[in-house]
Structure formats: structure tokens, C-alpha cells
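Since the structure comes first, as C-alpha cells, the remarks are kept for the end.
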2 protein chains.
Amino acid sequence: MTTIKDIAQAVGVSCTTVSNVIHGKTGRVSEETIARIKEAIDTLGYVPNMSARSLVSSSSKVIGMISHLTSNKKESIVEDPFHSAFIGAIEKTLRENGYYLMLRTVETTSDLMNFLRTWNVDGLFCTGVFQDEFFEALSNLTIPVVLIDSYVSHPNICNVGLEDYDGGYIATRYLIDKGHEKIAFASPSIREKGVVFERFQGYKDALKEASIPFRQDLVFEQELDIDTTIALGSSLALRKDITAVFATADILAAGIMSGLKQAGKKVPDDISVIGFDDINLCRLTSPKLTTIHQDAPLKGKLAVYFMMDKLDNKPILNREVILPIHLVERESVKSLYQ
Amino acid sequence: MTTIKDIAQAVGVSCTTVSNVIHGKTGRVSEETIARIKEAIDTLGYVPNMSARSLVSSSSKVIGMISHLTSNKKESIVEDPFHSAFIGAIEKTLRENGYYLMLRTVETTSDLMNFLRTWNVDGLFCTGVFQDEFFEALSNLTIPVVLIDSYVSHPNICNVGLEDYDGGYIATRYLIDKGHEKIAFASPSIREKGVVFERFQGYKDALKEASIPFRQDLVFEQELDIDTTIALGSSLALRKDITAVFATADILAAGIMSGLKQAGKKVPDDISVIGFDDINLCRLTSPKLTTIHQDAPLKGKLAVYFMMDKLDNKPILNREVILPIHLVERESVKSLYQ
DNA sequence: TTGTAAGCGTTATCAG
DNA sequence: CTGATAACGCTTACAA
């Protein structure tokens with residue numbers, strides 16, 4: 001393994017000079033030395049040893065992508081097809097900026113702290129953080145933290161999120177405009193200050209605006225695994241009163257459609273369904289799923305931009321960016337008029 | 001940050017002793033010292049610094065999950081919903097064994113080498129490796145390499161794969177048994193010694209066995225992005241002669257079904273479709289997709305077991321494990337008889 | 001313009 | 001049973 005020392009010896013200079021050249025602190029080094037060092041680096045195939053760098057600088061160029069395992073969710077972040085969509089974008093952008101991505105699942109706050117110190121982690125991405133002890137810990141960190149899809153706020157922390165409230169509102173409003181009144185709300189568990197909570201508010205406000213009374217027995221909180229979503233669809237089929245359902249994730253919506261169909265119901269003729277996310281799946285179901293669109297790769301890219309600005313100590317003008325959503329009309333909602 | 005030195009001072013012993021206790025080299029240390037050291041570790045919150053460890057031991061507990069960017073594929077591994085299914089399993093199992101997972105996309109062989117040396121990477125996972133210069137480089141590494149879904153073989157390298165040939169054969173045979181003869185083969189590009197190549201052989205052999213002539217104009221090599229798959233479906237609808245299509249990935253199959261439907265064809269009445277992988281999507285399309293099942297999380301788990309055995313220098317009895325597949329009959333294939 | 005030397009946290013060797 | 005000490009590769013004052 002070629003080290004700085006090897007380069008220094010080969011060229012006949014000191015380690016300092018080599019190190020300086022490597023870091024572009026080239027002010028005090030002659031053109032010729034620079035050239036010879038650069039050549040030696042190439043021919044000897046020098047690669048910096050990050051462990052050594054990290055040891056001396058207590059910074060590692062490692063960015064952690066953290067999946068916080070809450071008690072009920074057993075699998076790690078990458079299980080979720082939606083999340084995996086932007087993790088690719090994150091790796092790419094980080095790499096282009098000279099950083100490395102570590103994936104890590106943590107269960108407790110101290111798991112997280114240990115991880116950070118084990119590697120001198122330089123920065124952190126997290127998704128779906130709530131107002132709890134874990135968030136508390138995050139906000140006390142000295143390294144940059146960028147949250148994705150989280151409704152918790154702190155001066156130290158950047159957020160990239162979505163118009164979730166608007167999404168919930170627009171989806172519901174769309175159903176109402178099509179003449180629906182008995183609109184079910186299906187989602188994973190609605191936790192305060194969470195993405196789903198926001199969409200839920202949008203749903204309720206749209207109802208209220210249309211003077212449709214909110215009914216608690218129309219909200220269905222479910223796990224997102226395929227069996228439960230399909231089962232939910234089947235049981236929804238039994239509810240004669242419901243004419244439409246707003247599901248806060250496309251995979252949920254698709255599962256419901258499948259269950260509905262299994263129970264002999266036709267979408268959208270018997271019951272309308274609208275989703276959220278606009279993943280590819282929406283174009284593969286039949287009927288194709290009407291949904292609220294969001295741009296997942298852009299989310300990832302923006303998250304990394306935030307991260308880079310913070311790592312470079314650039315001033316952050318705005319800690320939050322909220323990406324727009326819009327409705328994509330396809331075939332899963334029927335108008336009750338005419 | 002608490003270091004070994006801090007612990008040593010607190011307890012009143014040397015760093016060596018602390019280090020020994022940490023590593024269970026406890027033979028030569030008194031019970032009492034051990035207890036006191038352990039307590040100090042707890043109360044002071046000591047966490048080992050991996051950079052330092054890595055520096056001195058040239059091993060880092062970092063395992064790389066490599067995505068090899070070939071010229072045509074632009075995005076990184078995690079973009080693929082299928083791959084993300086087992087990457088979660090990998091992170092989990094690695095973590096349980098005290099390792100860390102780095103995700104990294106590389107374009108060239110030297111990118112890879114640089115990455116390895118930068119971090120003293122202890123082991124590597126790769127998917128979809130072909131017989132090329134990149135593989136050459138992998139097989140010359142001194143660290144454990146575990147390949148997933150690759151048909152290249154080398155004494156240094158472990159493989160976890162699938163009965164791809166059988167899958168291709170069984171899928172095709174199933175269609176033939178249902179009376180189909182004009183069976184299209186749809187897949188991403190068929191590269192020698194690749195997963196798809198094997199499935200293709202299975203397809204051809206099943207045809208041959210049934211004395212159905214193989215026709216090159218029935219094979220469709222396509223990208224897997226949703227637009228092209230749907231377009232393929234639509235264009236397949238124009239081919240009056242085809243009665244069934246075997247797609248080597250469920251996302252492909254689903255796209256084709258969608259395109260077919262868009263072009264006014266009914267699956268399976270007008271044309272039958274069979275997929276491969278058995279991802280959740282299969283139960284969300286309508287008709288539900290008949291497919292070849294594989295166990296993706298198990299793949300991930302086994303890959304890690306291989307990795308652990310190699311890292312522990314356990315003897316590897318068998319460098320290859322081939323997971324079984326089986327047919328899952330759903331609704332997308334129609335029998336042409338009666 | 002370049003070099004010396006200390007030190008980052010850990011482990012391993014060898015000597016008490 | 002325990003402790004010095006050197007070494008891993010790199011950066012950074014400080015010297016020259």
C-alpha cells in the first residue's frame with residue numbers, strides 16, 4: 001500500500017510537502033515539485049487512507065443514512081420501495097462530492113450515538129422522525145442533520161419535505177368534487193407531527209369545507225404490508241356506505257384495490273380509490289391509480305445539497321424546503337354525477 | 001470523547017490492560033480489574049474508534065455493497081426495487097455481526113480498488129457481475145467477495161444464486177403445457193454468463209423439448225424502465241401470432257400487461273403473461289401475475305452468512321448456493337385447451 | 001520553499 | 001498479572 005511517505009521518498013521531499021500538494025495548499029510549493037509529486041501519486045497509485053485522516057481530523061467523510069427502528073417496524077429502511085427511490089440519488093450526489101454513504105439501522109438513541117462516534121460520522125440523513133427522545137438527541141448533535149419527511153423542527157436541523165397537508169386536501173377535495181361524501185381514510189398509524197398526520201388534516205379540512213361531517217369510523221390505520229392492505233380492501237368491500245377511499249400511500253391504495261376486487265367490487269365503478277406518491281406501480285395496476293405525485297429523486301438530491309452546504313459551513317438561508325405535489329388523474333376515481 | 005486512555009486513567013491501569021479486557025483477552029487480568037474496567041467503560045461511555053482500529057489493524061469492519069455502473073445503466077443499485085429487497089436483510093445481518101455497510105457505486109475497476117484501499121474494506125458484495133475485466137479484478141482481491149446473481153466462478157469467490165435456468169424452463173414449459181406455442185421472450189439485454197442468459201437457455205430448451213422451433217423474432221430485449229416496458233406491451237399487441245409472453249422480471253411483465261391492456265388486449269384472454277421474481281407487485285396487478293417465485297431476503301441472508309464464514313476464516317465447503325424457485329400460479333395465463 | 005516532529009486512538013510486542 | 005513503547009498513515013504547528 002502506497003503511503004504519503006512512499007511518495008515523499010520517491011520524489012525526495014518531505015511528507016508535509018506531499019500532504020500540502022494533495023490538499024491544494026500549493027501556495028508555497030514550486031511548480032516543479034508539484035508536478036513531480038502528482039506524477040508519483042499517479043504512478044505509485046497512491047490512495048489516501050481515510051482511517052488515518054479520520055483519526056487525526058476527527059472527520060471522516062462518512063455520511064450516515066439512518067433508519068430508526070421503532071418497536072413495531074422490524075425491517076430496515078431499504079425495505080420500503082419508496083425510500084429506496086431516493087437513496088440512490090443520495091449515494092450518487094454524495095459520491096460526486098467526495099463523501100461516503102453508510103447505511104445503518106438503529107433502535108435506540110444510544111445506538112445512534114455509538115455509531116456516530118465509532119466512525120466520526122460527518123453528517124446524518126433520517127426519514128420519518130417524530131417529536132420524541134430520538135429527535136431530541138438529533139437536535140443536540142453538532143454534525144449536520146438533514147431530515148426527510150419529518151415535521152419536527154429545530155434550528156440545527158434541515159428538512160426536506162412535501163406539501164403533505166395540501167396533498168391530503170387536494171386528494172380529498174378531488175373526491176368531493178366528483179360527488180363523493182363517504183370517503184374513507186386509509187393510512188399507516190397517524191402519529192402527531194408526522195407526514196400522515198398532515199395528510200390527515202388535509203383530509204379533514206377538505207371535508208369540513210364541504211360541510212361533510214368527519215366520521216372516525218371511516219379512518220383505517222393499518223400496517224403497509226401487502227397482506228394487511230389486501231385484507232383491508234376486502235373488508236372495505238363490506239361497507240356499503242363508502243364510495244371512495246383516500247390511501248396515503250400508493251402501495252396501500254394498490255393493496256386495497258386488489259382486496260376490493262377480490263371481494264367482487266369494481267374500481268372505480270363500485271368504489272373509487274386515490275393514492276399518494278405516484279410510484280411506478282400506479283401505471284401498472286388496472287385501473288391505473290389516480291394519485292398525488294411527488295418527486296422522490298429530487299427529494300434525495302435536495303437533501304444532499306442541504307448536507308453539502310452545511311458541511312461547507314455555507315449559510316443556510318432557509319432550513320426547510322417543501323416540495324410541491326400535484327394530482328395525477330388516472331382511472332381509479334369515478335364521478336358520481338350524471 | 002472517551003478513549004481507552006481515559007478508561008485506563010480512571011481505573012488506574014494501563015491502556016494495554018483496558019484493550020485486553022475489551023477484546024476478551026482476559027486470561028491474564030484479575031477478576032477485579034476486569035470488573036472495574038467494565039464499569040468505567042459503561043459510566044464513561046466508551047466507544048471504540050474505528051478509524052484508529054482500522055489504522056493499526058488494516059481491517060475496518062466495513063463491508064462494501066458495490067453497484068457496478070456499466071455504461072448503459074445510469075442509476076445506482078438501490079434504484080431497483082428488487083435489489084432493495086435484500087439489501088435490508090444484508091444490513092441487518094451484518095450489523096448483528098458487528099459489521100458496517102457502505103453503499104458505493106463504481107464505474108471502473110480502479111474506482112473499486114481505490115474505494116477498497118481508502119477504507120480498508122473487509123469484504124464485498126456485488127450483484128450481476130459478468131465475465132469481464134471487472135470480475136477479473138474482483139477475483140484477484142484478497143478480501144472475501146460474495147456475488148449475488150452472477151454466473152461467473154472463481155475459487156476465491158462465493159456465489160449465491162438462483163435456479164435461473166430451471167426458472168426459465170419451468171415458466172416456458174408451463175405455457176407450453178397450457179397449449180401455447182408462439183411464446184415471446186422479453187428481458188433486459190441477454191448477456192453471456194448472466195442471469196437472463198440462463199433463463200433464456202431454459203426458455204429455448206423447453207421449446208426444443210416440445211419441438212417448437214425457436215424464433216429470434218420472438219425475443220425482445222428491452223430496458224426495464226416503465227415507459228419502455230409499457231411500450232413493449234403495446235407493440236406486442238400488434239403481433240397477432242403471439243399467444244403468450246415470458247418476461248424475466250415481474251416489473252417487465254407488469255409493464256407489458258399494462259401496455260397490452262392499453263392497446264385493447266385482454267390478459268389472459270387474448271394473451272398470457274408470466275413473470276419472474278414474485279415481488280409484491282404480482283398481487284396488485286389485475287389479473288394477478290403468474291410468476292416464478294424466489295426468496296430475496298433469504299438471498300441476502302445467505303450472502304451474509306457466506307461473508308461471515310469467510311471473514312472468520314471458516315472453511316467453505318461449497319462456494320455456491322443455488323436457491324430453489326417455484327412456479328406461483330395466479331391469473332395471468334390462460335389455457336388454450338377446451 | 002521545504003522539513004521536523006508531535007499526536008490522533010488503538011493494538012501488539014515484549015519486558016517486567 | 002500488568003505496563004511501556006512503537007507503530008499504523010496522516011495532518012499541522014512550528015522551524016529552518
Side-chain angles (χ1 to χ4, degrees), chain A residues 1-38 40-41 44-62 98 100 114-122, chain B residues 1-38 40-41 44-62 98 100 114-122:
Chain A
M1 172 179 263
T2 315
T3 70
I4 280 199
K5 210 176 183 177
D6 298 328
I7 306 289
Q9 278 170 353
V11 180
V13 296
S14 76
C15 295
T16 311
T17 306
V18 177
S19 175
N20 282 335
V21 169
I22 288 173
H23 288 82
K25 299 186 207 293
T26 184
R28 344 165 144 265
V29 186
S30 73
E31 284 301 325
E32 200 218 325
T33 322
I34 296 180
R36 285 173 51 217
I37 289 177
K38 289 201 166 160
I41 287 180
L44 299 188
Y46 167 78
V47 172
N49 181 321
M50 275 311 206
S51 305
R53 273 196 186 166
S54 166
L55 186 55
V56 60
S57 66
S58 41
S59 141
S60 60
K61 299 282 174 188
V62 168
Y100 298 83
N114 289 350
F115 172 64
L116 297 184
R117 290 166 51 197
T118 301
W119 288 104
N120 287 322
V121 172
D122 279 358
Chain B
M1 171 179 265
T2 316
T3 69
I4 280 197
K5 209 174 185 176
D6 298 328
I7 306 289
Q9 278 171 355
V11 179
V13 295
S14 76
C15 295
T16 311
T17 306
V18 176
S19 175
N20 281 335
V21 169
I22 289 172
H23 288 82
K25 298 186 209 292
T26 185
R28 346 163 143 266
V29 187
S30 73
E31 283 301 325
E32 199 219 324
T33 322
I34 296 180
R36 286 174 50 218
I37 290 177
K38 288 199 167 162
I41 287 180
L44 298 188
Y46 166 78
V47 172
N49 180 320
M50 275 309 203
S51 305
R53 275 196 185 166
S54 166
L55 186 56
V56 61
S57 66
S58 40
S59 143
S60 60
K61 299 281 172 188
V62 168
Y100 298 83
N114 289 351
F115 172 64
L116 297 184
R117 290 167 51 198
T118 301
W119 288 103
N120 286 323
V121 172
D122 279 358

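So you know, we letter chains A, B, ... as the sequences are listed, proteins then strands, and number each from 1.
- In terms of heavy-atom proximity, B/R117 sits nearest to A/T2 at NH2-N, 3.8 Å.
- Distance CD1 (B/I37) to P (D/dG3): 8 Å, rounded to an integer number of Å.
- Atom pair A/K5:NZ and C/dG3:C1' shows a separation of 14 Å (rounding to whole Å applied).
- Phosphate proximity of D/dT11 to A/R53: present, with a side-chain N or O under 4.0 Å from OP1 or OP2.
- Nearest heavy atoms, B/S51 versus A/N120: OG-ND2, 4.0 Å.
- Residue-to-nucleotide proximity on DNA chain D shows that, of A/Y46 and B/E31, the 5′-proximal contact is made by B/E31.
- Across all non-hydrogen atoms, the minimal contact from B/I7 to B/Y46 is CD1-CB, 3.7 Å.
- Under 4.0 angstrom from either OP1 or OP2 of D/dG3 there lies at least one side-chain N or O belonging to B/S14.
- Contact of B/T16 with C/dA12 (side chain to base): a donor-acceptor pair of N or O atoms is detected under 3.5 Å.
- Counting heavy atoms from C-beta outward, A/T118 and B/Y100 have side chains that approach closer than 4.5 Å.
- The CG-P distance, from B/N49 to D/dC10, rounds to 16 Å in whole Å.
- Atoms NZ (B/K25) and C1' (D/dC1) sit 16 Å apart, rounded to a whole Å.
- In this structure, A/S57 does not reach the C/dC8 phosphate: none of its side-chain N or O atoms is under 4.0 Å from OP1 or OP2.
- A close approach under 4.0 Å does not occur between any side-chain nitrogen or oxygen of B/T33 and OP1 or OP2 of D/dC1.
- Rounded to an integer number of Å, the gap from B/M1 CE to C/dC8 P is 13 Å.
- Straight-line distance from the CG atom of A/N20 to the C1' atom of D/dC14: 13 Å, rounded to whole Å.
- Scanning all heavy atoms of the two residues, the minimum distance from A/V62 to A/V121 falls at O-CG1, 3.5 Å.
- Between B/T17 and D/dG3, a side-chain N or O to OP1/OP2 separation shorter than 4.0 Å is present.
- Computed from coordinates, the B/K61 NZ to C/dG9 P distance equals 21 Å when rounded to whole Å.
- Taking the nucleotide of DNA chain D with the nearest heavy atom to each of B/A52 and B/G12, the more 5' of the two is matched to B/G12.
- We find that CG of B/N120 is positioned 14 Å from P of C/dT11, with the value rounded to whole Å.
- Residue B/S30 places at least one side-chain N or O under 4.0 Å from the OP1 or OP2 atom of D/dT2.
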